[in-house]
There are 2 protein chains.
Amino acid sequence: MSENELNTEQLILKAARKVFTHKGLDGARMQDIANEAGINKALLHYYFRSKDKLFESIFKDVIKTFFPQVVSVLVADIPLFDKIHRFTESYIDILAKNPEIPGFVFHELSKNPDRLIGNIRETGADIGIIGEQLQKEVEAGNIRPINPAHFIANLISMCVFPFIARPLLMGIMKMDAQGFDSFIEERKQIVPEAIIRSIKV
Amino acid sequence: MSENELNTEQLILKAARKVFTHKGLDGARMQDIANEAGINKALLHYYFRSKDKLFESIFKDVIKTFFPQVVSVLVADIPLFDKIHRFTESYIDILAKNPEIPGFVFHELSKNPDRLIGNIRETGADIGIIGEQLQKEVEAGNIRPINPAHFIANLISMCVFPFIARPLLMGIMKMDAQGFDSFIEERKQIVPEAIIRSIKV
DNA sequence: GTCTATAAACAGATAGAC
DNA sequence: GTCTATCTGTTTATAGAC
């Protein structure tokens, strides 16, 4: 524990996370996960009973480690324009380290919203506060009136979408893997600029 | 043909498209497709030999019917700001009628980019011309300098992303299905406004 | 061309030895 | 706890009658 070693359960979770996030629930095989973990199938069932339960553990874990990081910046008590810069910077950084997560989450959520939406709700992610902050800036004459839902949608869209569309973007923009990384790095500058220009008076 | 009737092959394609786009390649069952088409499984193999070949037909078809519609507006010979308005309007309209397509395409493309990227290339979608148009507007002093790749990424992101993230957005924005439709309708105004403000001098 | 029946392969889950 | 072997159900695919 104190060293670099994982116990079997952690080993399984790590392997399952990799396989599920890359192949999706339907595309993942228990055998793939066992191979990735360097153990055999039976052990997966010993620890998690079923594929479905193992998946649910992974999904919950992904949501719980991702959402708070993202939301915390959005609801922080800092000036709006600072917040926009910090959010894009930190969010894009997190995504660059976990590029397959958004595709995974949105795909599973689309296939099974009713079953999985509860995991989102449990994080207590409340972005109502951003609406208040926008309202104050409007009243102070700093920005134009904007529906907070659209503001957030615009912001998140421009950060996340390139990761979901990576193969397509690489195809039509004729980028290689390194070119894509540079492109993403550039967006830490491009996105906040675009957002701020779109709302400034 | 001249009437409202489809022959068996068309019937299969229609059913397969529905099932594949909703459940993905891995989640789709040949039995589901047969049921949807009102025929039996054996006929699917008679017409398309294998699930994989049937899937490839559907994927090709989706790309071929979608991409040209989208790209044609982007490369049309019309003033830039008009183009931005027309693009968002027509693209969002197409997406609203086919909300599951982007999730389907990006998911399959992520799982199997090498195998499927050729289908994109075959459409001959070349957006180089938009770069030239942007360059001219910059030289005319109408817009700020902008990397065309980011311009296009921003534009497409804001149009497509809400459809991919629909369940999540409905969850955190507390919208019902009707609320989501209104939200999408509003974006035909919001998105071009945001894009144009972000590039105008 | 379309069907029913069945083969063949696969994948999740369990039994039982160690 | 971890393994091998096996069972059970599912799913793709084929054979063969009509």
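Per chain, numbering begins at 1; letters A, B, ... match sequence-line order.
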* To do: Rounded off to whole Å, could you give me the CD-to-C1' distance for the A/Gln31 and C/dG12 pair?
  => 11 Å
* **Closest listed nucleotide, where the reference is the side chain of B/Met30 and the choices are D/dA13, D/dT14, C/dG12** => D/dA13
* Is any side-chain N or O of A/Thr8 closer than 4.0 Å to OP1 or OP2 of D/dT2? -> yes
* Could you check which of C/dG12, D/dT11, D/dT2 has an atom nearest any side-chain atom of A/Tyr46? => D/dT2
* Any side-chain donor near an acceptor of the partner, B/Asn154 and A/Arg187, under 3.5 Å -> yes
* Choosing from D/dC3, C/dC3, C/dG12, which nucleotide comes nearest the side chain of A/Ala42? -> D/dC3
* To do: Indicate, with a heavy-atom threshold strictly under 4.0 Å, whether A/Ala28 touches base, sugar-phosphate, or nothing.
  => sugar-phosphate
* B/Asn112 and B/Glu108 side chains, donor-acceptor separation under 3.5 Å -> no
* Assess the side chains of B/Glu139 and B/Gln135: does a donor N or O sit below 3.5 Å from an acceptor N or O? => yes
* Asked: Which of the following nucleotides, D/dT14, D/dC3, C/dA13, is nearest to the side chain of A/Lys51?
  -> C/dA13
* To do: In whole angstrom, give the distance that lies between atom CG of B/Leu11 and atom C1' of C/dG1.
  => 14 Å
* Asked: Roughly how many Å is it from CG in A/Leu44 to P in D/dG1, rounded to a whole number?
  -> 15 Å
* Do the side-chain N or O atoms of A/Arg29 get closer than 4.0 angstrom to the phosphate oxygens (OP1, OP2) of C/dC10? -> no
* Taking only N and O in the side chain of B/His45, is any of them less than 4.0 Å away from OP1 or OP2 of D/dA13? -> yes
* Could you please name the option among C/dT4, D/dT4, C/dG1 that lies closest to any side-chain atom of B/Leu43? => C/dG1
* Asked: Parallel, tilted or perpendicular: which describes the rings of B/Phe106 and A/Phe161, with under 30° parallel and over 60° perpendicular?
  -> perpendicular
* Parallel, tilted or perpendicular: rings of B/His107 and A/His107 (30°, 60°) -> parallel
* Asked: Between A/Asn40 and D/dC3, does any side-chain N or O lie under 4.0 Å from OP1 or OP2?
  -> yes
* To do: Whole angstrom is fine here: how far is it from CZ in B/Phe48 over to C1' in C/dG1?
  => 14 Å
* Which nucleotide in C/dG12, D/dA13, D/dT14 has an atom nearest any side-chain atom of A/Lys41 -> C/dG12
